[in-house]
S.K.: 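Before I ask anything, let me first share the structure, which is written out below as structure tokens.
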Amino acid sequence: MSVAAPPITRLPNFINGQWTESHASEWRDVVNPATGETLAQVPLADAGEVDQAVEAAAAAFADWRRTPAEDRIQPLFKLKMLLEEHIDDMARIITQENGKTLVEAKAEMRRAIENVEVACGIPMMMQGYNLEDVARGIDETMIRQPLGVVAAITPFNFPGMIPFWFLPYAIATGNTLVLKPSERVPLTMRYAGELLEKTGIPKGVVNLINGGKVVVDALLDHPKIRAISFVGSTPVGKYVYSRAAASGKRAQCQGGAKNHVIVLPDADMPMATQIISDSAFGCAGQRCLAVSVAVTIGEAQTSFRDSIADAAAKLQVGNGLDAGVQMGPVITPQSKERVESLIGLGEKQGAKVLLDGRNAKIPRGESGNFVKPTILDDVPPTSDLAETEIFGPVLSLVHAKDMDDALAFLELSAYGNQASLFTSSGSAARRFRYEAPAGNVGINIGVAAPMAYFPFSGWKNSFFGDLHGQGRDAVEFYTDKKVVVERWAKEHSRKF
Ligand code: NAD
């Protein structure tokens, strides 16, 4: 007798404190990239549903902004405890819908929690400043006030962490939020929404709406939304930034990347190899801070090339839920196809395929989107591949004659998310810190991800806006400054 498969869950939206069934006409499968299994169906909500979420957030704002900061952070303290308690469950969901390993998924949730912790400091961070007697008897004060309803639009590669670059700061500063997670990985925030509900946060303060471009456009055009936080690819980031600006909104849009590491011959080669291997191939290369091009100088050309090829070939690729697996699949079959065709393009443009991860055969992985670690050697610095974001487990090797040459190559890049250097020379490190044309810089670090109390500082085509996510920038972004100049007549004060 055959047993019927369980019905596939249709994900609701979270509007005004209620899990609300979507009336979307279009639904997408949420698919486990390691197995091809359908995990749920996600609605592609329409503008009407966006409007309901924004109206709920607008109604909640009136009271939430009057709630003392000390009281606003209490649900965040509870949320921190709940996220700690459920970190393993959340990591498992991330692995199932995104493909990264359980260890990577748990590490991602740690960074999410760290942002909640920092936002709990809002009563200090949100303070303004003042000066008495700017003229005789006149005082001036700067106070910060929340904006109103704000929205966040997030990508597939960190389903747990990236929404938390925004959510805790947005609400701790007194705003109300509409969040649109990536339609490819909506299950993590569904779970986080259930935890948030348990904190007793007032209804309407946080709303989750599932969907794609239609939802994004409706958020960008909605007159009641004051600010947009976006993380995703550069073309969409540019689009979001300009459309948000056209309707008078404040926007911070983090885009794509092509990250370089320079390896000097005096680097500790075993350490550099291990760290760069983790940066290039961890999360299957689908990190916006993944090292994508290693620029070797002098004899590092051969020593690093040999050691990285050896380390990458040994990486255990498979389902991220399985013990011992070090690298999972890429997100979709289309993504696998794209990565493999870019490897082919590199080859055509003159690169040597030192390690070929195409046509990967993974035990029990026939239905997964697996590409094994790939290394392209002697990539011509002016080829398309040297400049294209691959977003897969592919490391390009480029050789430069010295630091001048290497830094000039980095300058050519249209992106500026991260640049790293491996060396044991303090003066080379100082020069690099000073001149590196990127906003997040690593010295003997492979993934220079700023902690929650520092801004995530992409430059060039990796960021559109001025105030970054996280830390003090987040407080600036989510608040308006108001300056009050006061004079009180002496006669009046003498009456009392
Ligand atoms: P994406 O740009 O395809 O999608 C991001 C978000 O935009 C999603 O919520 C999606 O629904 C929405 N979207 C997609 N196409 C749209 C369109 N045409 N109009 C309006 N909205 C649209 O990005 P992704 O594939 O989910 O994520 C990978 C990209 O994100 C990579 O380029 C990576 O470098 C980048 N990223 C950057 C950072 C950073 O901090 N700079 C962090 C993580 C990821």
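Just so you know, ligand 1 is whichever comes first in the structure, and atom 1 is the first atom listed for that ligand.
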S.K.: Within the supplied structure, the quantity of interest is the number of heavy atoms (other residues, nucleotides, ligands) at a distance under 6.0 Å from E347 CD; does it exceed 12?
M.R.: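 More than 12 within 6.0 Å, yes.
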S.K.: Using a heavy-atom cut-off of under 4.0 Å, does the side chain or the backbone of F158 touch ligand 1, or both, or neither?
M.R.: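 Within the 4.0 Å criterion, F158 makes no contact with ligand 1.
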S.K.: At under 4.0 Å between heavy atoms, which part of N157 makes contact with ligand 1: side chain, backbone, both or neither?
M.R.: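 The answer is the side chain of N157.
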S.K.: Is G255 in contact with ligand 1, taking contact as a heavy-atom separation below 4.0 Å?
M.R.: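 Checking ligand 1 against G255, which is what was asked, there is a heavy-atom contact under 4.0 Å.
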S.K.: Does ligand 1 have any atom sitting under 4.0 Å from a heavy atom of Y415?
M.R.: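 Contact absent.
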S.K.: Hey, does G212 come in under 3.5 Å of ligand 1, counting only N/O atoms on both sides?
M.R.: no
S.K.: Count the heavy atoms of every other residue, nucleotide or ligand shown that sit under 6.0 Å from NZ of K203, and state whether that count exceeds 12.
M.R.: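 Incorrect, the count does not exceed 12.
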S.K.: What protein heavy atom lies closest to atom 34 (O) of ligand 1? Include the residue and the distance to one decimal.
M.R.: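 For atom 34 (O) of ligand 1, the nearest protein heavy atom is E389 OE2, 2.6 Å.
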S.K.: Between the side chain of Q470 and the main-chain N/O of F454, is any donor-acceptor distance below 3.5 Å?
M.R.: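 Looks like yes, one N/O pair under 3.5 Å.
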S.K.: When you compare the side chain of Q254 with that of F456, does any pair of heavy atoms fall below 4.5 Å?
M.R.: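 A side-chain contact under 4.5 Å exists here.
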S.K.: Look at atom 12 (C) of ligand 1 and say which protein heavy atom is nearest, naming residue and atom and giving the distance to 0.1 Å.
M.R.: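 Residue, atom and distance for the closest contact: V216 CG2, 4.1 Å.
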S.K.: Distance to 0.1 Å, residue and atom name: give those for the protein heavy atom nearest to atom 28 (C) of ligand 1.
M.R.: F391 CE2, 3.6 Å
S.K.: Does ligand 1 have any atom that is closer than 4.0 Å to a heavy atom of F230?
M.R.: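 Yes; F230 lies near enough to ligand 1 that a heavy-atom distance drops under 4.0 Å.
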S.K.: Going by heavy-atom distance to atom 25 (O) of ligand 1, choose the closest among E183, R184, K180, R243.
M.R.: R184
S.K.: Could you check whether any side-chain heavy atom of I94 comes within less than 4.5 Å of a side-chain heavy atom of M109, counting everything from C-beta outward?
M.R.: yes
S.K.: Does I162 reach ligand 1, in the sense of a heavy atom lying below 4.0 Å from it?
M.R.: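 The answer is yes: ligand 1 sits under 4.0 Å from a heavy atom of I162.
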S.K.: Could you identify the single nearest non-hydrogen protein atom to atom 23 (O) of ligand 1 and state the distance to 0.1 Å?
M.R.: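 So the nearest neighbour among protein heavy atoms is S233 N, 3.5 Å.
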S.K.: With distance as the sole test, does K100 use its side chain to make a donor-acceptor pair with the main-chain N or O of N157 at under 3.5 Å?
M.R.: yes
S.K.: What verdict does the ring-ring contact (aromatic ring centres under 6.0 Å, His included) test give for H468 and F477, after you've listed the backbone C-alpha separation in whole Å, the side-chain angles of each residue and the deciding distance to 0.1 Å?
M.R.: CA-CA 8 Å; H468 297 273; F477 183 78; over 10 Å; no
S.K.: Check whether any side-chain N or O of D46 sits under 3.5 Å from a backbone N or O of E49 as a donor-acceptor pair, and report yes or no.
M.R.: yes
S.K.: Checking a contact table here: which protein heavy atom is nearest atom 27 (O) of ligand 1, and how many Å away?
M.R.: P155 CB, 3.3 Å
S.K.: When you measure from the side chain of N210 to the backbone N and O of P12, does any donor-acceptor pair fall under 3.5 Å?
M.R.: yes
S.K.: For E21, look at atom CD and say whether over 12 heavy atoms of other residues, nucleotides or ligands are found less than 6.0 Å away.
M.R.: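 No.
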S.K.: Of all the atoms in ligand 1, which lie at a distance below 4.0 Å from a heavy atom belonging to N417?
M.R.: 41 (N)
S.K.: My question is simple, although I want it checked carefully: is atom 40 (O) of ligand 1 less than 4.0 angstrom from any protein heavy atom?
M.R.: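 Given the 4.0 Å cut-off, atom 40 (O) of ligand 1 counts as touching protein heavy atoms.
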S.K.: side-chain contact (heavy atoms from CB on, under 4.5 Å) between N16 and E55: does it pass, once the steps are laid out?
M.R.: CA-CA 9 Å; N16 204 23; E55 288 300 340; over 6 Å; no
S.K.: Could you work out, for atom 6 (C) of ligand 1, the closest of V236, V214, T154 by heavy-atom distance?
M.R.: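 Closest candidate by heavy-atom distance is T154.
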S.K.: Does only the side chain of F463 get under 4.0 Å from ligand 1, or the backbone, or both, or neither? Count heavy atoms.
M.R.: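 The answer is neither; F463 stays 4.0 Å or more away.
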